[in-house]
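We name chains A, B, ... by the order of the sequence lines, and we start the count at 1 in each one.
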Number of protein chains: 2
Amino acid sequence: MKQKDIKIPEATIKRLSTYINCLERLDDKGCQVVSSELLGESCQVSPAQIRKDLSYFGEFGVRGVGYATKSLTEEIKVILGLDCIWPTVLVGVGHLGHALLNFTFFREHGYRMVAAFDSDPGKIGTEVEEGLHIQPIEKLVETASREKAAIGIVTVPASSAQSTADLLVEAGVRGILNFAPFKVRVPDNITLRNVSIVSELDNLAYLLSNKKPRRRLKKKK
Amino acid sequence: MKQKDIKIPEATIKRLSTYINCLERLDDKGCQVVSSELLGESCQVSPAQIRKDLSYFGEFGVRGVGYATKSLTEEIKVILGLDCIWPTVLVGVGHLGHALLNFTFFREHGYRMVAAFDSDPGKIGTEVEEGLHIQPIEKLVETASREKAAIGIVTVPASSAQSTADLLVEAGVRGILNFAPFKVRVPDNITLRNVSIVSELDNLAYLLSNKKPRRRLKKKK
DNA sequence: AACTTATCGTGATAGTTATCACAATACCCA
DNA sequence: TGGGTATTGTGATAACTATCACGATAAGTT
């Protein structure tokens, strides 16, 4: 038996999430066992990459056979921490916030939206989802800490992103997912992830502007 | 004079997009000149990283002084291909689609939404933005090719993501930004980017599940 | 039980990306 | 005009990540 402290690439974690997605689809199609080749085909990742990713966490397959679809799905969920429920709050119920609240996927995959907040008085009280009424920002700290929210989703405009993040930290959330186009600052003990939709589009524009993507002429004096 | 064919890291492109964002904010604050240190402070990237990123494309700064805020912004826009207008169409006007259509940022930064489509007959004709009426999916190929759409944004459910992508390809778009939780397949000459909101959340869950993020115990037989 | 086949798990290797340290140089001021 | 200061641009290096190639091994077959 060997035990080693090793580093897990962030890219690996991202892929694990997509593996779950593909595995569930394959399971729906009736595949009880998948090879790394089939799974790779399905989610457009090389078979070796999949095996490597999984090997960081243990041995989940059977040589000569493959992986049991259902149990591998469960194993990956455990790895990602999706075997428990993460109480989550969302701040800023604009279109994007609404989209996330209605995203049934969350409910089925380890997250539970326990509260939603907005600064627009006209929205307060609106039921955005079964049993979930929009609350004023002023209630954020009180409600989120009472509900023991662990994750806060920020879908407010850039101008109020930082103050929103501050409130979430005060309310005791451990992680923040920020969709506002502003890099907020949080204490070291808070985990932060920024999602920049604009960057994704800009990346596309860059690739389209260059015939040979990822290559370019470098000019120096 | 030296000229070399070198590879640009994808991460560099992503950062360039955020540099624009930070530079515009600094410019609003009255900073006419920024050092890599100040810019780095503002967008949470190391100064050396910023200089390296820029050095792939040329020399934009003045030693001992820094970078002219406005002109650096323009230079980066040129690098990313944002100095021209990208005609863009969006398919699937749910909450997320709506959010993107109303995102004024796009209009101001190189993209123009030329059409929006949805399969729900009840939505057809609705004006989602000044002068932009939702059209039926059946009109996609005709309208998008007439408008010479270069980019297609997919915000439909996973089940119709592939067929939507196929239509966009048929309409002649060169790039697709896919928000559906399904990895669509496109011909080699089409540039594709997948945005997985669920993966971002899952990543957060993983980090929260592990005290020391990015490190873990490895167990082997 | 030996042989064959399929497919995993992983050490070694190649490739990519970030960091570092410092030479280069523009501006300021005496 | 020369010396000091600030800050860039970049080669070298370190760190990280993906790919490859193959040994290990489970199941089926004769």
Side-chain angles (χ1 to χ4, degrees), chain A residues 1-16 18-19 31-69 71-72 75-76 203 213-216 218-221, chain B residues 1-16 18-19 31-69 71-72 75-76 79 213-216 218-221:
Chain A
M1 195 221 229
K2 190 167 68 168
Q3 244 184 359
K4 234 183 10 175
D5 202 13
I6 50 137
K7 183 159 169 303
I8 313 293
E10 170 155 340
T12 290
I13 302 302
K14 216 165 208 161
R15 282 190 296 269
L16 287 177
T18 71
Y19 297 163
C31 298
Q32 300 191 318
V33 172
V34 293
S35 63
S36 57
E37 173 149 8
L38 175 60
L39 180 56
E41 174 69 22
S42 163
C43 57
Q44 294 170 67
V45 173
S46 78
Q49 181 73 75
I50 290 177
R51 297 200 300 274
K52 190 67 160 179
D53 285 342
L54 294 174
S55 79
Y56 287 124
F57 301 96
E59 305 188 1
F60 305 108
V62 178
R63 288 163 199 234
V65 181
Y67 303 89
T69 312
S71 76
L72 181 59
E75 296 277 15
I76 298 179
N203 210 313
R214 302 171 56 79
R215 273 181 197 287
R216 221 153 190 284
K218 177 172 184 183
K219 209 190 293 185
K220 294 208 315 199
K221 76 149 101 28
Chain B
M1 196 220 232
K2 189 167 66 167
Q3 242 181 4
K4 233 186 2 176
D5 203 11
I6 48 135
K7 181 156 171 306
I8 314 292
E10 170 155 338
T12 291
I13 303 302
K14 214 164 210 163
R15 282 190 297 269
L16 287 177
T18 72
Y19 297 163
C31 298
Q32 300 192 315
V33 172
V34 293
S35 64
S36 59
E37 174 150 7
L38 175 61
L39 180 55
E41 174 70 22
S42 163
C43 57
Q44 294 170 66
V45 173
S46 78
Q49 182 72 76
I50 291 176
R51 297 200 300 276
K52 190 66 160 182
D53 285 342
L54 294 174
S55 79
Y56 288 124
F57 300 96
E59 305 187 0
F60 305 109
V62 179
R63 287 163 200 235
V65 180
Y67 303 88
T69 312
S71 76
L72 181 59
E75 296 277 16
I76 298 179
I79 292 168
R214 300 172 58 83
R215 270 179 200 287
R216 215 153 193 284
K218 178 173 185 183
K219 212 189 293 185
K220 292 207 317 199
K221 74 151 131 344

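Rounded to whole Å, atom P of C:dG9 lies 15 Å from atom CD of A:E37. Straight-line distance from the CG atom of B:L38 to the P atom of D:dT7: 10 Å, rounded to whole Å. What separates OH of B:Y56 from P of C:dT19 is a distance of 11 Å, to the nearest Å. Rounded to whole Å, the distance from NZ on B:K14 to P on C:dT17 is 12 Å. Atoms CD (B:Q49) and P (D:dG9) sit 14 Å apart, rounded to a whole Å. Taking atom CD on B:E10 and atom P on C:dT17, their separation rounds to 8 Å, with Å as the unit. Remark: C1' of C:dT7 and CD1 of A:I50 are 13 Å apart, rounded to the nearest angstrom. When the P atom of C:dT7 is taken as reference, atom CG of A:L54 falls 16 Å away, rounded to whole Å.
With rounding to the nearest 0.5 Å, the separation of NZ in A:K52 from OG in A:S36 is 13.5 Å. Rounding to the nearest 0.5 Å gives a distance of 12.0 Å between OH of A:Y67 and CG of A:L38.
Counting heavy atoms from C-beta on, the side chains of B:F60 and B:I79 come closer than 4.5 Å. Counting heavy atoms from C-beta outward, B:L54 and B:L72 have side chains that approach closer than 4.5 Å.
Between A:V62 and A:K52, the residue anchored closer to the 5' end of DNA chain D is A:K52, taking for each the nucleotide with the nearest heavy atom. Where A:S46 and B:G64 meet DNA chain D, the nucleotide closest to each residue was compared, and B:G64 sits on the side nearer the 5' end.
Residue A:S36 has a polar side-chain atom (N or O) positioned under 4.0 Å from OP1 or OP2 of C:dC8. OP1 or OP2 of C:dA26 has not a single side-chain nitrogen or oxygen of B:Y67 nearer than 4.0 Å. Contact annotation: B:R15 side-chain N/O to C:dA18 OP1/OP2 distance is under 4.0 Å. Between A:R63 and D:dG23 there is no side-chain polar atom (N or O) within less than 4.0 angstrom of OP1 or OP2.
Open room surrounds CD on B:Q32; 12 or fewer heavy atoms of other groups in view lie less than 6.0 Å from it.
Here C:dT10 is the nucleotide among C:dT10, D:dA18, C:dT17 with the atom lying nearest to any side-chain atom of A:R51. Nearest to the side-chain atoms of A:T12 among the listed nucleotides D:dT7, D:dA18, C:dT10 stands D:dA18. Side chain of B:K7, nearest nucleotide from C:dT16, C:dA18, C:dC27: C:dT16.
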